[in-house]
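Read the structure below first, then the notes.
The model shown is predicted, which means the values in this text are computed figures rather than measured ones. Throughout, protein chains are lettered first and strands after them, A, B, ... in sequence-line order, and every chain is numbered starting at 1.
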There are 2 protein chains.
Amino acid sequence: MIKIDNTYTIKDVAERFNLPISTIRYYDKQGLLPFVAKNQAGYREFTTADLHLIRTIVCLRNTEMPLRDIRQYINYCMAGPKSIPLRKALLQSHKSRVLKKQAKIMHDLQEIDYKLDRYNAPDAAAFVSAELQFASNEKRAHGLRDTFS
Amino acid sequence: MIKIDNTYTIKDVAERFNLPISTIRYYDKQGLLPFVAKNQAGYREFTTADLHLIRTIVCLRNTEMPLRDIRQYINYCMAGPKSIPLRKALLQSHKSRVLKKQAKIMHDLQEIDYKLDRYNAPDAAAFVSAELQFASNEKRAHGLRDTFS
DNA sequence: TCTTGCCCTAAACTATGGTTCAGGGTTTAT
DNA sequence: ATAAACCCTGAACCATAGTTTAGGGCAAGA
């Protein structure tokens, strides 16, 4: 008899998704894996459908969705097709948040790039020294301890 | 006598950068603000140069640099022009990490988009139902409790 | 002067997302 | 049949990044 598809141990899953076993247990405890069944020995036994759901969880996690929201999403998935509008809303708002954050990060990264450019300029040392000197003077001009120098 | 430039209270700084005062105090305690001087009363008194540095800190923080690394960077800034190579290295490697992470997030976001597309398809409900049915069958095929349904 | 608003510190508390450990059963290969 | 390799739970522990609270001093306007 040929086994078309198997079940997977927690170790298999950990390796497949490159997650620590402890994280999988933790996710289960947090209610992210309500679909995982246990065998007679009390061992978690993962099916291929489980793997698909875990892939989704990992994907959401990689995009920094909070575990609370992932749990919510999974609960929607368990609830059948009537939850499709809720799933869409959840994923959409997540996507928007992610894109907004990406944009903000790109913006702040530009400022960092600007600093890098300055450090790469031939007169970088002089510029940096002048800044430091200015900061120093400013402190003394205000009767403050000169924390620069 | 005309005051060309002023100093700023912690509240001023908090408002300018839209940070809670408690966070500024926390950053100071974590060694991110070694440049901030205190007046006779023990109050922090911020200069314009301080504000520039804080802007940089906020920028690094917005791009998720760990406080530990920001402290390092600020310490380099206090150390004068000889630390320019170190500053460059730190900012460069930070930038690379950020870009790499951005790329990964965009990739995972595509998977989420794929899910959204499916939910938006006319046959979404049927598809979702079929998936659930499959998952159900799979559980029973392996003699596991049917966690779906 | 005295009240209101602002400032300070230290220490405790919170949230999030895990990891590690102790103690104990199961399965597999030899 | 026994050791090595796995699996389990619960509870403690950890890191990161703050926030809150308690207790007290300083400053500015009425």
What is the distance, to the nearest angstrom, from the CZ atom on A:Phe46 to the C1' atom on D:dC7?
11 Å

Residue B:Ile21, side-chain atoms from C-beta onward, closest of D:dC7, C:dC7, D:dA11
C:dC7

When the distance from NZ of B:Lys29 to C1' of C:dA12 is rounded to whole Å, what number comes out?
10 Å

Of A:Leu60, A:Val98, A:Thr56, which is the lone residue that meets side chain to side chain contact (heavy atoms under 4.5 Å, CB included) with B:Ile112?
A:Leu60

So do B:Lys115 and A:Lys88 actually touch side chain to side chain, heavy atoms under 4.5 Å?
no

A:Asp28 CG to D:dC8 C1', in whole Å, measures 11 Å

Closer than 4.0 Å, any side-chain N/O of B:Lys38 to the OP1 or OP2 of C:dT9?
yes

Using a 4.5 Å cut-off on heavy atoms from C-beta on, say whether the side chain of A:Tyr27 contacts that of A:Arg61.
yes

Please give, in whole Å, the distance from D:dC7 P to A:Arg25 CZ?
7 Å

Below 4.5 Å, heavy atoms only, C-beta onward: do A:Tyr43 and A:Lys38 meet side chain to side chain?
no

Heavy-atom side-chain proximity of A:Val13 to A:Thr9 below 4.5 angstrom
no

Whole angstrom is fine here: how far is it from CD1 in A:Ile10 over to P in C:dT26?
17 Å

How many Å lie between CD on B:Gln30 and P on C:dA10, as a whole number?
13 Å

To the nearest Å, give me how far apart CD1 (A:Ile24) and P (D:dT9) are.
13 Å

Please lay out, stage by stage, how B:Arg55 and A:Glu111 fare under the test salt bridge (Lys or Arg N to Asp or Glu O under 4.0 Å).
CA-CA 10 Å; B:Arg55 209 158 73 88; A:Glu111 296 240 339; 3.3 Å; yes

Does D:dC8 have its OP1 or OP2 closer than 4.0 Å to a side-chain nitrogen or oxygen of A:Arg44?
yes

Here the distance between atom P of C:dC7 and atom OH of B:Tyr8, to the nearest Å, is 15 Å

Would you name the heavy atoms of A:Tyr76 and A:Leu90 that are closest together and state the gap between them?
CE1-CD1, 3.7 Å

Would you mind building the protein contact string for nucleotides 17-27 of chain D? One character per nucleotide, 5' to 3', B for base within reach (heavy atoms under 4.0 Å), S for sugar-phosphate only, - for untouched.
BBBB----BBS

Think B:Thr9 has a side-chain N or O under 4.0 angstrom from the OP1 or OP2 of C:dC6?
no

